[in-house]
**Student:** 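What follows is a single structure, and I will ask about it in a moment.
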Protein chains: 2
Amino acid sequence: MPEPDIFRALADPTRRAVFERLSAAEMTVSDLTRGFDVSQPAISQHLAVLKGAGMVAERREGRQAWYRAAPDALSGLEAWVARYRTFWPERVEALKTVLKEMDE
Amino acid sequence: MPEPDIFRALADPTRRAVFERLSAAEMTVSDLTRGFDVSQPAISQHLAVLKGAGMVAERREGRQAWYRAAPDALSGLEAWVARYRTFWPERVEALKTVLKEMDE
DNA sequence: GAATCGCATAAGTATCGACTTATGTATCGG
DNA sequence: CCGATACATAAGTCGATACTTATGCGATTC
């Protein structure tokens, strides 16, 4: 049982988009705010939820706060999905194919 | 982008529990209702959301409705996760190990 | 064909959650 | 120091949503 927080964190599209950007690059709150059509407090609140779910990490530097996706942000989710994967062996085969392609 | 419906469907703990049971066995609405502390309409409503997200399939038999987890219920979620896996190659290695163990 | 069963839908309620503006608190520059 | 900057927190609003009870509707049973 991955902390239910991650499911709630992923439920909001804006929050998913924030996480996507933080997966591509470390950014400050100002950087993120510029990229979305919501206020800075809204971004801070989304970041607090993502942090509470262990999906992002914070690094303070002066008056700036740099955020980035946590390395194991989705490990809990992967583990949860893996439980069901055992019921569907054919999906494992499909996944193997994907991984094989990534090797080439 | 996997349909956002799946994220919303997974957000509710009761709905996740319903899905978990349907992953283990095909069940009727009555069966499910007995297993939870909510009303039958509440269960029907959760099933409608899960069905809308393509996570469960319905089979009618007389006045009973049998539900089961769809075989590819989590494929959209897997695909979404896979996008981030590319950013973290070390997690791919871990996954390969898991799959290797499943082979043995 | 009347009563019952299994389930879905309708309608109302109350809590949750995503947003806003306003304000607080450090940090930096002059 | 004093204003400005970067961010977080407070407080309020409004729509989404998870639940309830009531009801509808087809399938069974007698």
Side-chain angles (χ1 to χ4, degrees), chain A residues 1-22 25-70 73 77, chain B residues 1-22 25-70 73 77:
Chain A
M1 47 191 150
E3 327 157 37
D5 286 344
I6 192 174
F7 292 107
R8 203 178 71 80
L10 289 171
D12 183 72
T14 301
R15 203 154 43 222
R16 282 199 302 277
V18 167
F19 174 72
E20 295 195 20
R21 303 215 181 184
L22 293 179
E26 191 181 37
M27 299 177 71
T28 68
V29 177
S30 297
D31 294 335
L32 282 167
T33 300
R34 260 185 295 277
F36 291 92
D37 200 28
V38 296
S39 66
Q40 171 264 314
I43 297 293
S44 283
Q45 288 161 15
H46 282 309
L47 289 170
V49 172
L50 289 169
K51 192 177 179 184
M55 296 182 62
V56 301
E58 187 191 358
R59 177 174 65 87
R60 292 242 119 163
E61 184 177 322
R63 49 185 168 181
Q64 300 190 344
W66 291 86
Y67 283 87
R68 60 183 169 82
L77 189 61
Chain B
M1 45 188 155
E3 327 157 37
D5 286 344
I6 191 174
F7 292 107
R8 203 177 70 80
L10 289 171
D12 183 72
T14 300
R15 204 154 42 221
R16 281 199 304 277
V18 167
F19 174 72
E20 295 195 19
R21 304 216 180 184
L22 293 178
E26 191 182 37
M27 301 175 70
T28 68
V29 178
S30 298
D31 295 335
L32 281 168
T33 300
R34 262 185 293 278
F36 291 92
D37 199 28
V38 296
S39 66
Q40 172 264 316
I43 297 294
S44 282
Q45 288 160 16
H46 282 309
L47 289 169
V49 172
L50 289 169
K51 191 176 180 184
M55 296 181 64
V56 301
E58 185 190 0
R59 178 174 64 87
R60 295 235 116 169
E61 184 177 323
R63 50 185 169 183
Q64 300 189 343
W66 291 85
Y67 283 88
R68 61 182 168 82
L77 189 61

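Because the structure is predicted, anything quoted here is derived from the model rather than measured. Naming convention: chains lettered A, B, ... in sequence-line order (proteins, then strands); numbering from 1 in each chain.
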**Student:** Hey, does the side chain of B:Thr33 come within less than 4.0 Å of C:dC7's phosphate (OP1/OP2), counting only N and O?
**Tutor:** no
**Student:** Rounding to an integer number of Å, can you tell me how far A:Gln40 CD sits from C:dA26 C1'?
**Tutor:** 14 Å
**Student:** Please determine whether a side-chain nitrogen or oxygen atom of B:Ser39 lies at a distance below 4.0 Å from atom OP1 or OP2 of D:dA18.
**Tutor:** no
**Student:** Among C:dA18, C:dC7, C:dT21, find the nucleotide with the atom closest to the side chain of A:Arg15.
**Tutor:** C:dA18
**Student:** Does a side-chain heavy-atom distance below 4.5 Å link B:Val49 with B:Arg8?
**Tutor:** yes
**Student:** Tell me the interatomic distance from A:Phe7, atom CZ, to C:dG17, atom C1', rounded to whole angstroms.
**Tutor:** 19 Å
**Student:** Just checking B:Tyr67: base, sugar-phosphate only, or nothing, at a heavy-atom cut-off of under 4.0 Å?
**Tutor:** sugar-phosphate
**Student:** From CD of A:Gln64 over to C1' of D:dT5, roughly how many Å is that when rounded to an integer?
**Tutor:** 9 Å
**Student:** Could you work out which one of C:dA18, C:dT9, D:dC7 sits closest to the side chain of A:Arg8?
**Tutor:** C:dA18
**Student:** Let me know the distance between CZ of A:Arg34 and P of D:dT5, rounded to the nearest Å.
**Tutor:** 13 Å
**Student:** Of all the nucleotides listed (C:dT20, C:dA18, C:dT9), which has the minimum atom distance to the side chain of A:His46?
**Tutor:** C:dA18
**Student:** Check the phosphate of C:dG6 against B:Ser30, side-chain N and O only, distance under 4.0 Å to OP1 or OP2. Yes or no?
**Tutor:** no
**Student:** Would you check if B:Phe7 and A:Asp12 make a side-chain contact, meaning some heavy-atom pair closer than 4.5 Å?
**Tutor:** no
**Student:** Nearest whole Å is fine: how far is D:dA6 C1' from A:Met27 CE?
**Tutor:** 15 Å
**Student:** Side chain of A:Asp12: nearest nucleotide among D:dA22, C:dA18, D:dA8?
**Tutor:** C:dA18
**Student:** Rounding to an integer number of Å, can you tell me how far A:Leu47 CG sits from C:dA18 P?
**Tutor:** 13 Å
**Student:** Starting from P on D:dC7, measure out to CG on A:Asp31 and report it in whole angstrom.
**Tutor:** 8 Å
**Student:** So, the side chain of A:Arg68 versus the backbone of A:Ala57: is there a donor-acceptor pair under 3.5 Å, distance only?
**Tutor:** no
**Student:** Could you go through residues 32-41 of chain B and list every donor-acceptor pair under 3.5 Å that involves a side-chain atom there, pairing it with any protein atom two or more places apart or in another chain?
**Tutor:**
{"unit_1": "B:Thr33", "atom_1": "OG1", "unit_2": "B:Val29", "atom_2": "O", "d": "2.8"}
{"unit_1": "B:Arg34", "atom_1": "NH2", "unit_2": "B:Asp31", "atom_2": "OD1", "d": "2.9"}
{"unit_1": "B:Ser39", "atom_1": "OG", "unit_2": "B:Ala42", "atom_2": "N", "d": "3.4"}
{"unit_1": "B:Gln40", "atom_1": "NE2", "unit_2": "B:Ser44", "atom_2": "OG", "d": "3.1"}

**Student:** Would you classify A:Ala42 as touching base, sugar-phosphate or nothing, given that sugar-phosphate means primed atoms plus P, OP1 and OP2, and contacts are heavy atoms under 4.0 Å?
**Tutor:** base
**Student:** Report the residue (B:Pro41 or B:Val49) whose heavy-atom-nearest nucleotide on DNA chain D is the more 5′ of the two.
**Tutor:** B:Val49
**Student:** With no hydrogens and no angle check, is any side-chain donor or acceptor of B:Arg15 less than 3.5 Å from a backbone partner on B:Ala9?
**Tutor:** yes
**Student:** Under the 3.5 Å rule, do the base of C:dT20 and the side chain of A:Gln45 count as making a donor-acceptor pair?
**Tutor:** yes
**Student:** Of the nucleotides C:dC28, C:dA8, D:dA10, which one has an atom closest to the side chain of A:Arg63?
**Tutor:** C:dC28
**Student:** If I take atom CD in residue B:Glu58 and atom C1' in nucleotide D:dG26, what distance separates them, rounded to the nearest angstrom?
**Tutor:** 13 Å
